[in-house]
Amino acid sequence: MSDPILLEQIMVAAAMGLLGAVVFAAIGLVSGTDETTTLAPLTLLVVLLGVPPAGVFTFFLAGAVAKHMTHAVPTALLGIPGDTLATPLLQDANMLRKLGVPHIALRKMVSGAIVAAFVAVPLAVLFAVLLAPFGAAITKSAPWIFLAAAVLIAYFSAGRWAAVALLVPFVVVIVALQSLTAKYGVKLSISYFLGIAIGPLIADLFTVVSPQGRSRMMRDKVRTFSLAPDVKGWSGYFPNPLKVMDRTQTRWTLATAAISSATFVFSPVAMTVVLGELVGSRIKHAYHRLTTVLSARNGVTEATYIAEALIPLIAFGLPLSPVAAGPAAPLFNAPPRFTVDAASGQTHNLHNLLSHWEFLGYGMLAVLLAAVVSYPFAMNFARRAALFVSRKVSHEAIIATFVGLIIVISVWEGQFLGLLVILTMGLFGGLLSRLFGFNTGVQFMGYYTAVLSVPAIVKLLG
């Protein structure tokens, strides 16, 4: 490869990484913006627009890292989780709010995230390279691995055995919809993925339309928030995260990030909770325990997300993790550009298009861009940003934007049938998520079970 071509690739990757960091740093400020509902559709749009592989990768990774820094702003300052992975941080953050130091909670969380991100990328690439020699055998056994991974991920979700049992009817619904659309000569994949991604949103929209559901969602007063004054404890624009955290907090953040960088099957929320409890059990002083646990837990949200996207992508090319099957799914399967062949388990995606060294280089570039955009912004302007978002930004407008984007993509892929599949999968999956803890990560594994494992089972049974 000549130098001009390499330079062009790096420039495209840097531009897309910067765009992802800016967009998702802003989205992270809006409370309740789920990672799957936001990261996945926008990454899919980038893929379908024909952005080069390096640009797709840096857009996703910089966006994920940036979002998991700024999601600390509403969590720490407003007492409402910035997204799904911020939920385990809420209790400790609220305790520090009651002590009158929400700005301390925010700084510990954001500093833990940036340190963990720089550690997680090289470690995740290393673990992926160690697993890569087994890639051929794993790819050949893909239908059975997806089935086992679906059951395992379902068991470790909030639904436990209910989620495991619900895999059966969920897979049956997908197979039935595939048969229906096939009769009309329409083959869908993206529509299933988008329907699952926005399932809770669709379920909420149907609930609002229902008088009974609307009455349950009614509130007798407007929710209010209190913001403490901002206190800046450093000079300059870019504070050193290793000075914001003390040595104990830095050590625990590095240790938990290393552990979570080696795992790629378990739920990110579960990893955040478990490793946070491990850290908290080792520190006696109450205030120091709270700040240390927040540093470590937000570091785990970064490291787990990075590892669960990178390890399956680099080692196998198959979405064998909750993150890979959910928010990072467009990196694996986004027809017609990226595909996972249902019959053979063969792949054509970023796994085939980027080398290990490119994953490492562009991964570090993405983290650097996210750090440059999100870290100083969250540290210097968090209070003003939280105030602006809570007063001026319409959550309904943000939701409407993503709904419009998803409708366009579904109609592009399957016309009216694509839209019907999104509504069906979204409503069914959203209700299962709300009622039984059958979350989107499990549902994505159910989708891959339907398209990979079911044909293999039918063939085996003759």
Side-chain angles (χ1 to χ4, degrees), residues 32-40 81 83-91 144-177 192-207 213 216-217 260 263-277 297 300-301 304-305 308 312 319-329 422-454 457:
T33 48
D34 182 72
E35 295 94 338
T36 306
T37 310
T38 55
L39 265 171
D83 50 34
T84 306
L85 273 185
T87 305
L89 309 170
L90 192 58
Q91 183 178 358
W144 313 110
I145 291 172
F146 271 105
L147 180 61
V151 173
L152 185 65
I153 292 170
Y155 177 75
F156 282 102
S157 71
R160 288 293 177 128
W161 288 114
V164 174
L166 284 167
L167 277 170
V168 177
F170 188 79
V171 169
V172 169
V173 168
I174 294 175
V175 173
L177 288 172
Y192 290 98
F193 160 72
L194 290 176
I196 293 170
I198 65 167
L201 172 60
I202 292 179
D204 284 345
L205 290 176
F206 273 89
T207 302
R216 291 197 306 267
M217 300 176 76
S260 55
T263 59
F264 64 95
V265 174
F266 302 108
S267 161
V269 174
M271 291 295 296
T272 304
V273 171
V274 170
L275 292 178
E277 292 294 330
R297 276 186 170 163
V300 171
T301 70
T304 307
Y305 237 73
E308 292 201 9
L320 293 174
S321 77
V323 173
I422 279 188
L423 285 175
T424 304
M425 291 305 305
L427 180 59
F428 185 48
L431 291 175
L432 292 182
S433 177
R434 289 277 187 261
L435 297 175
F436 301 101
F438 191 71
N439 62 41
T440 54
V442 183
Q443 292 176 32
F444 279 115
M445 294 309 296
Y447 167 73
Y448 286 108
T449 300
V451 299
L452 286 171
S453 305
V454 170
I457 294 171

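Basis for what follows: all heavy atoms, side chains included, without hydrogens, waters or symmetry-related copies. In this text the structure is predicted, and so the values were computed from the model without any measurement.
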Any sub-3.5 Å donor-acceptor pair from Arg297's side-chain atoms to Leu89's backbone N or O?
no
Taking side chain as C-beta onward, heavy atoms only, is [X] less than 4.5 Å from [Y]?
X	Y	value
Leu167	Phe438	yes
Leu39	Tyr305	yes
Trp144	Ile457	yes
Leu177	Met425	yes

Spacing of [atom1] belonging to [X] relative to [atom2] belonging to [Y], to within rounding of 0.5 Å:
X	Y	atom1	atom2	value
Phe428	Phe170	CZ	CZ	7.0 Å
Leu166	Gln443	CG	CD	9.5 Å
Thr301	Leu275	OG1	CG	11.5 Å
Ile422	Tyr192	CD1	OH	11.0 Å

Under the side-chain contact (heavy atoms from CB on, under 4.5 Å) test, which residues partner Val454, sequence neighbours left out?
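Val454 satisfies side-chain contact (heavy atoms from CB on, under 4.5 Å) with Val171, Val175, Val458 once adjacent residues are dropped.
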Got a sec, which residues hit side-chain contact (heavy atoms from CB on, under 4.5 Å) with Ala324, two or more places apart in sequence or on another chain?
Pro312, Pro319, Ser321, Phe332
Taking all atoms of both residues into account, what is the closest heavy-atom pair of Thr304 and Ser260, and its distance?
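That closest heavy-atom pairing would be OG1-CB, 3.3 Å.
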For residues 195-204, please give each side-chain donor-acceptor pair under 3.5 Å, one per line with the distance, not counting sequence neighbours.
from	atom 1	to	atom 2	distance (Å)
Asp204	OD1	Arg434	NE	3.2
Asp204	OD1	Arg434	NH2	3.3
Asp204	OD2	Arg434	NH2	2.7

